[in-house]
Amino acid sequence: MSSIDLLIADLDLSLNDRGEPHYVVGVACVEQDIKHMLIEEGYLTMLIGERDKARISMIQTDIENAIEDDARIEAGSASVTFTNGVVICAAETVDAEQIYMEAQING
């Protein structure tokens with residue numbers, strides 16, 4: 001299953017010298033979609049300043065479930081860790097490709 005989307009860089013559409021959009025394909029497209037989902041659903045905001053280990057664990061589980069809701073992700077393969085202000089997400093696609101991305105929490 002090949003995925004393709006417009007590349008978003010620094011929260012804006014990435015354009016070439018002629019003003020045409022750059023594309024992101026495959027695993028990089030899935031990673032971009034996951035990162036945007038984390039932002040749009042507010043998961044990263046929820047983790048800012050959170051100290052309650054039970055609450056952090058619950059948010060990590062919610063993120064894993066949200067990642068696995070993506071039809072391109074193999075069920076049961078998502079894992080999320082949160083360390084020193086960085087959320088690390090890993091998963092496997094249905095095409096057996098590895099997803100790995102980090103999102104920095106500001107705050």
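Predicted model, so just to flag it, every value in this text is computed and none were measured.
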If hydrophobic clusters are built from ILVMFWY residues whose side chains come within less than 4.5 Å, do [X] and [Y] share one?
X	Y	value
Ile39	Leu13	no
Leu38	Ile8	no
Met37	Ile59	yes
Ile48	Val80	yes

Between Asp33 and Arg72, is there a salt bridge with N-O shorter than 4.0 Å? yes
Within the 4.5 Å heavy-atom criterion, are [X] and [Y] side-chain neighbours or not?
X	Y	answer
Val25	Ser3	no
Gln32	Asp5	yes
Leu7	Tyr23	no
Leu6	His22	no
Arg55	Met46	yes
Ile56	Asp52	no

Restricting to non-hydrogen atoms, name the atom on [X] and the atom on [Y] that form the minimum distance, rounded to 0.1 Å.
X	Y	answer
Ala78	Glu68	N-OE2, 2.9 Å
Glu92	Gln98	OE1-NE2, 3.3 Å
Leu47	Phe82	O-CZ, 4.0 Å

Derivation and outcome, side chain to side chain contact (heavy atoms under 4.5 Å, CB included), residues Val24 and Ile4: CA-CA 6 Å; Val24 61; Ile4 187 168; over 6 Å; no
Worked verdict on Tyr100 versus Ile88 for side chain to side chain contact (heavy atoms under 4.5 Å, CB included): CA-CA 7 Å; Tyr100 177 87; Ile88 301 169; 3.3 Å; yes
Just do the side chain to side chain contact (heavy atoms under 4.5 Å, CB included) check on Ile99 and Cys89 with the steps written out, would you? CA-CA 8 Å; Ile99 301 291; Cys89 301; over 6 Å; no
Value rounded to 0.5 Å, distance of [atom1] in [X] from [atom2] in [Y]:
X	Y	atom1	atom2	result
Thr93	Glu74	OG1	CD	8.5 Å
Lys53	Met58	NZ	CE	15.0 Å
Ile34	Ile67	CD1	CD1	5.0 Å
Lys35	Glu40	NZ	CD	13.0 Å
Glu41	His36	CD	NE2	13.5 Å

Taking Asn16 for its side chain and Arg18 for its backbone only, find out whether a donor-acceptor pair lies under 3.5 Å. yes
Tell me whether Thr61 contacts the main-chain N or O of Ser57 through its side chain, where contact means a donor paired with an acceptor under 3.5 Å. yes
Chi angles and distances behind the side chain to side chain contact (heavy atoms under 4.5 Å, CB included) call for Ile105, Val86: CA-CA 6 Å; Ile105 306 266; Val86 178; over 6 Å; no
